There are 2 protein chains.
Amino acid sequence: MIKQNNLRIIPLSGLGEVGRNMMCLEVQGKILIIDMGFRMPEEDMPGVDFIIPNIAYLKGKEKNIVGAVFTHGHYDHIGAIPYLIDKLGARIPFFAGGLTKAIILKRQEDFPHLPKLNITAIQSGDRVKLEPFMIEFFRQNHNISDSMGLFIQTPVGNIIHTSDFKFDSTPVYDKPTDFKKLEEIGKRDILLLMSDSTGAEEQSHSLSEKTIMENLEIIFKSAKGRVIAATFGSLINRIQQLIALSEKYGRRVAVDGYSMKTNVEICKKLGYIKSQKNTLIGVNQIGNYPDSKITLVGTGAQGEGQAVLMRIANGEHRFVRLKKEDTVIFSSSVVPGNERTVQFLKDQLYRNGVKVFHYKMMDIHAGGHAQREELGELMKIINPKFFMPIHGQYSMLVNHAELAESQGIPTKNIVVAESGQVVNVSREKIYLEKKEVESNYVMVDGLGVGDVGEVVLRDRQTLSKDGMFVVVVVIDRRTGKVGGSPDIISRGFVYLRESKELLRDTRRKVIEIVERSTGSGGAVNWVYVKDEIRNKIGDFLYFRTQRRPMILPVVIEV
Amino acid sequence: MIKQNNLRIIPLSGLGEVGRNMMCLEVQGKILIIDMGFRMPEEDMPGVDFIIPNIAYLKGKEKNIVGAVFTHGHYDHIGAIPYLIDKLGARIPFFAGGLTKAIILKRQEDFPHLPKLNITAIQSGDRVKLEPFMIEFFRQNHNISDSMGLFIQTPVGNIIHTSDFKFDSTPVYDKPTDFKKLEEIGKRDILLLMSDSTGAEEQSHSLSEKTIMENLEIIFKSAKGRVIAATFGSLINRIQQLIALSEKYGRRVAVDGYSMKTNVEICKKLGYIKSQKNTLIGVNQIGNYPDSKITLVGTGAQGEGQAVLMRIANGEHRFVRLKKEDTVIFSSSVVPGNERTVQFLKDQLYRNGVKVFHYKMMDIHAGGHAQREELGELMKIINPKFFMPIHGQYSMLVNHAELAESQGIPTKNIVVAESGQVVNVSREKIYLEKKEVESNYVMVDGLGVGDVGEVVLRDRQTLSKDGMFVVVVVIDRRTGKVGGSPDIISRGFVYLRESKELLRDTRRKVIEIVERSTGSGGAVNWVYVKDEIRNKIGDFLYFRTQRRPMILPVVIEV
């Protein structure tokens, strides 16, 4: 490996989300990793659990990795660790905030075969030397505690990586944004700012948690029956708000949903969630208190089929049946792609006659990402020479880059990269290298990592549209005649019981095709026979139904 | 059939969209149909083309149908005609505005086997007697011309059906809302108001088309290269705006996309779209003009894979390659469920370096539906005794009902119905009948109408998740031994070429299972053998991969 004196930045996450899941900094032959998360699959990837970063680039360079730092405990930043760590080597030193460390270790328990991680908890202000890098962590406001921005000294210059962040001067159960600290960092001659672009298409300023708290309180004040609040399992701060409001209004709180329960447990133990002694109760104890004394905090605000809120709405929850006096709060936004399931869930709740509050009716949810005003403010404070938008869909990166231009950063000093592209930084210039690194999707499905590829996915899509149609023909090898009636097995195509005629005609057609192909005597070309069945039966079924099931011929000679 | 003296209202459309696609009014044994549209399938209905109203209730009552009226030409109001008309009888007299009629007839050309429709064009103000009903059509503003609200005299009382509508005092190329007419109708002692609920969760007033026009003009003014505007194919008014602006700024207009081209053709012929003689050109002529003299209006603003805009973004369009100076306008909202494909499309456009404008950045699209302010205003003008929210998801209906309550309509005079429920109206009261009519989904897939049901859909979902796995075993009937090696055909499960070991182990397992089942001698229970293969191979594959493909055993005795 040639020692590079320039700094190279290599985002390894999935298409369009540049740097959100994983990123490498490389200089003088040494590599620093920032985050190792996964992302959720696209809609055209049925059956896929999630997508992890492609680390082909790091193959053979494992010994050059000086360490990995984790900005916060969300799964899109830590979730891929169990799938990558045995390839990268568990000896790599990890650094993360206290809560982030706890969440990583908790998750690691689900993978008992993996080696123990070497992980050090850090606090805001801590400095870690991983030659030739020096990383200083600084507290950022996001929607999970212990979120850290990174100040990184490199031989080429000083870099800032904001991680996911927003500015909040009046947060609840969290410290306000430390502008003094940011200003101090801004004075350190920053060569490159890498900044969160998630909110770069939103025009103004993210909502303060104070507003959210006030609006939630309005709902608590007027609620007569139970309060059922759904939010993200990782939204620790929101859960704390709901607990505090419940205490103020004399309600016990039951937490339900696996991920949320796990997180609350961790946070209670480490002091990130505070509650009075008797506040938290088990879901099975809900019935022991009057409805007006109960809050249920659960998962499922995205309309996920098996999550708490959907089970409640469908009357399938073990301990909760809705009553007209209940109030349901969606304290979350709708993740793009979930609009229809959330609508379905809302409708189900309304059918139960309960009161429903969601973020479109009232500000009862704030996102965790800075919007244009805040992004512009940060750029001014940091005043970097170079700018690189990270963490966002491509359109957001471009809009963020345009914002930087409008604030006076010259076009040539801004680089919009995609996953797999390599950003090259010297003191004089920043540019995209011509050669890209491997960056196609690595999909995880069950125990398989990376074994679901284009072919398997395309087959799944085809199968889902018009199903499949297996034709089994037994052929007498001496006569070339079909023995008996061909077997047909079909699923997802037509309702077989009501398609007797179609099946009979198809069987007849199969015999015709086979015997025409084998009839001329001599050696039979079975590949040709199968192709004939596939094409002709495909056309025949399309003609009769205008559907194209996947045709799978099985020919057995006896 | 018992002659009913009360009026019965039977919404026949899909779940939650009460009355949008089709509705029946029944009194004194006679039935009036309002609209016959389809809706798009849900996400968990792969391969389904669309959902049409279930008309089981009308079976045997065909001769009682006095006529069908169509409120406007959108497919969710007329698209099911070709699938229902041969069941209902083509003799039924149809009534529709001029453009609506033209669109219905054009679509009917795709179904040449169907009998000719008996359809009469009506205009605003026309009265049609279909005993015991009298229908008066009145013009409504929506986003397609010739949209009609319905004033219906019945023996029980006067009814208003708003159809889809909004108030617009400053529309473009359309007449402003005729409040005088509405006020006049409001004085006719209205027993029941049925009103569009689509916008009932939006807090204020729909945007006027004037605002849209002004903002589009700002874009046209500054555009240097081509303007490429994508919108819905049915948004005739918007297309007219884009044509007019192009003329003002010296641009020719090419219209692209099948549905849009068809609609423009109809509208040109009938005078609903006006353009100067040389404005419209073919898409293939785009290259004959300077870029600054070209507007392309096309479909695909929802990110549909094969529509015009996606082909352009992917560099696959026959005549258009994007250049940096081009401007792309999304003059449409995002239909819920399409968020991710639209984001993908936007990203692709940004990758081409073009300027992109969408409705979140600027008001360049207005929906066609009244919001709460307008809905409240209409209620005041009409001042009905009874109120029934229609056209919307259940949550919207409930919010619309609450609005009616807040405006003084007593709770007992408001009814929120779902498809399949029957609303019973007399002069004294309105209520939901206890007995419901059949209302499950009727899915259209290719030529099949209603033959895709629960079973087929469930199979498609299963197939899409982990694929399928066919095991073919040939068994010697005398010895019970497996002949040769079992054949395995699998798709969408694992990549077979890289799974040789798994397949070998599975084959061995299959032989074991079969020979254990047949080994004991005596008659073999083949159903049992198949079940054994299905269960044990299923478990085995899950153990090895944590995936659950659909297992299909084929056993052949020779």
Side-chain angles (χ1 to χ4, degrees), chain A residues 16 42-43 46-47 201 336-337 339-341 343-344 346-347 349-351 356 360-361 393-395 397-398 418 445-448 451-453 455-457 459-468 470 472 474 483 487 489 491-495 498-499 542 544-547 550 552 554 556 558, chain B residues 16 42-43 46-47 201 336-337 339-341 343-344 346-347 349-351 356 360-361 393-395 397-398 418 445-448 451-453 455-457 459-468 470 472 474 483 487 489 491-495 498-499 542 544-547 550 552 554 556 558:
Chain A
E42 301 289 337
E43 281 160 21
E201 291 181 323
E339 287 73 9
R340 288 175 82 153
T341 44
Q343 179 64 50
F344 176 83
K346 265 168 56 186
D347 289 345
L349 291 167
Y350 275 106
R351 288 192 181 96
V356 178
K360 277 199 170 175
M361 299 164 70
Q393 296 293 330
Y394 197 78
S395 72
L397 303 180
V398 173
E418 295 215 61
D445 179 3
L447 294 182
D451 68 334
V452 171
V455 178
V456 172
L457 270 192
D459 284 345
R460 286 184 186 174
Q461 288 158 12
T462 308
L463 288 167
S464 79
K465 266 178 212 137
D466 287 324
M468 51 83 129
V470 182
V472 185
V474 180
D487 257 338
I489 305 160
R491 294 286 186 282
F493 167 49
V494 292
Y495 191 50
E498 286 171 4
S499 313
Y542 183 74
R544 289 283 289 263
T545 64
Q546 284 195 17
R547 298 179 197 169
M550 188 185 275
L552 297 163
V554 182
I556 296 166
V558 293
Chain B
E42 302 289 337
E43 282 159 20
E201 292 181 321
E339 287 74 10
R340 287 175 83 152
T341 45
Q343 179 65 48
F344 176 82
K346 265 168 56 187
D347 289 345
L349 291 167
Y350 275 107
R351 287 191 181 97
V356 178
K360 277 201 169 174
M361 298 163 72
Q393 296 293 331
Y394 196 79
S395 71
L397 304 180
V398 172
E418 295 215 62
D445 179 3
L447 294 182
D451 67 334
V452 171
V455 178
V456 173
L457 270 193
D459 284 345
R460 286 183 186 176
Q461 288 159 9
T462 307
L463 287 167
S464 80
K465 267 181 212 135
D466 287 324
M468 49 82 123
V470 181
V472 185
V474 180
D487 257 338
I489 305 160
R491 294 286 186 279
F493 167 50
V494 292
Y495 190 52
E498 288 172 2
S499 313
Y542 183 73
R544 290 283 288 263
T545 65
Q546 284 195 17
R547 298 180 196 167
M550 186 185 276
L552 297 163
V554 181
I556 295 165
V558 292

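Numbered from 1 within each chain, the chains take letters A, B, ... in sequence-line order. Just so you know, these numbers use all the heavy atoms, side chains as well, and skip hydrogens, waters and symmetry mates. Quick caveat: nothing in here was measured; it's all calculated off a predicted structure.
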Proximal component of [X], with respect to chain B [non-hydrogen, under 4.5 Å]:
| X | result |
| --- | --- |
| Asp487(A) | side chain |
| Val494(A) | both |
| Gln343(A) | side chain |

First locate atom [atom1] of [X], then atom [atom2] of [Y], and finally report the distance between them rounded to the nearest 0.5 Å.
| X | Y | atom1 | atom2 | result |
| --- | --- | --- | --- | --- |
| Leu552(B) | Met468(A) | CG | CE | 4.5 Å |
| Tyr350(A) | Lys346(A) | OH | NZ | 6.5 Å |
| Leu349(A) | Tyr394(B) | CG | OH | 11.5 Å |
| Gln461(A) | Leu463(B) | CD | CG | 13.5 Å |

**Message:** Heavy-atom cut-off 4.5 Å, strictly under: side chain, backbone, both or neither for Tyr542(B) against chain A?
**Reply:** neither
**Request:** Can you tell which part of Arg547(B) gets under 4.5 Å to a heavy atom of chain A, answering side chain, backbone, both or neither?
**Result:** side chain
**Message:** With heavy-atom distances below 4.5 Å as the criterion, would you say the side chains of Thr462(B) and Arg491(A) are in contact?
**Reply:** no
**Side-chain heavy-atom pair Ile556(A), Ile556(B) within 4.5 angstrom cut-off** = yes
**Request:** State which residues pass side-chain hydrogen bond (donor to acceptor under 3.5 Å, both in side chains) with Glu339(B); sequence neighbours excluded, sorted by chain then number.
**Result:** none
Which one of [options] has the most heavy-atom pairs closer than 4.5 Å to chain A?
| options | result |
| --- | --- |
| Val452(B), Asp466(B), Val558(B) | Asp466(B) |
| Ser395(B), Gly453(B), Gly446(B) | Ser395(B) |
| Val356(B), Thr341(B), Asp445(B), Val470(B) | Asp445(B) |

**Interface residue of largest heavy-atom contact number with chain B, from Ser464(A), Gly47(A), Gly483(A), under 4.5 Å** = Ser464(A)
